[in-house]
Amino acid sequence: QGSAESGDSFRLMIPLIDMCNHDRDSPHILSGRAVPGGTLKVLAGKTVTAGEQINIVYGGGVSGNDRFIQDYGFLDSFCNGQADA
């Protein structure tokens, strides 16, 4: 995202963040702003033990498989409040 005042939005490739897989129920979150000098962090929502996989919720909490397929290349099996049959 651009500055809060500009309203600009950008698609970014963030090295290493793709190592965190998507899990809608994950307590961990990606936080920060993608602006020059900005900081992006993965914040632990619970204690993480050595060797434990860290997942985050993709899409900033916005649900909808149209977004997941366009932005991330997969369909979420639990989308829009219902599990796919």
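Side-chain atoms are counted along with the backbone in the values below, which use heavy atoms only and exclude waters and symmetry mates.
The side-chain contact (heavy atoms from CB on, under 4.5 Å) test applied to Asn55 returns Asn21, Asp23, Ser26, Gln53, not counting sequence neighbours. With sequence neighbours left out, Ile29 forms a side-chain contact (heavy atoms from CB on, under 4.5 Å) with Leu43. When the side chain to side chain donor-acceptor pair (under 3.5 Å) test is applied to Thr49, the partners found at least two apart in sequence or on another chain are Glu52.
Across every non-hydrogen atom of His28 and Ile54, the tightest pair is CD2-CG2, 3.9 Å.
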